[in-house]
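Start at 1 and go down the list; that is how both ligands and their atoms are numbered.
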Amino acid sequence: MPIFEYECARCGLVSSHVVMGSSRRRERLGCPQCKSARLRRVMSSFAVVESEASRLASFDASKPRDDSFYRDSRNVGLWAKKRAKEIGVDLGSKFEATVEKARSGKLIKEMT
Ligand SMILES: [Zn+2]
């Protein structure tokens, strides 16, 4: 059951509401404090820590990447992983280890 937070436009109270079914039902929502029906959906305030999974999901391999992408060491190996996932290849633990090395800069030292 989805629970959404709403901020009252009149008194500013944020309250949680369980929203069921269609959006038309939301008309019945009201502020528990001042009974105003003018409620505005608010996003939960907790910090979202982006996991690698979500980085992978939002990562578009077909888009050109600028310098900042390559400067971010967390993106090392991301493209290869994405492509591998798309074609259904398991890169295995050896690849993971290589990526970890590359991310920490060890790989570059070994190659030179
Ligand atoms: Zn209110």
Inset, instruction - State which residues pass side-chain hydrogen bond (donor to acceptor under 3.5 Å, both in side chains) with Glu7; sequence neighbours excluded, sorted by chain then number. - result: Arg40
Legend entry - Total protein N/O/S atoms whose distance from the Zn ion (ligand 1) is less than 2.8 Å: 4
Legend entry - Listed partners of Ser36 passing side-chain hydrogen bond (donor to acceptor under 3.5 Å, both in side chains), at least two apart: none
Legend entry - Minimum-distance pair of heavy atoms, taken over all atoms of Cys8 and Cys11: SG-N, 3.3 Å
Inset, instruction - Could you pull out the closest heavy-atom pair between Pro32 and Leu13, with the gap in Å? - result: CG-CD2, 3.7 Å
Legend entry - Nearest non-hydrogen partners of His17 and Tyr6, listed with the distance: CD2-CD1, 3.6 Å
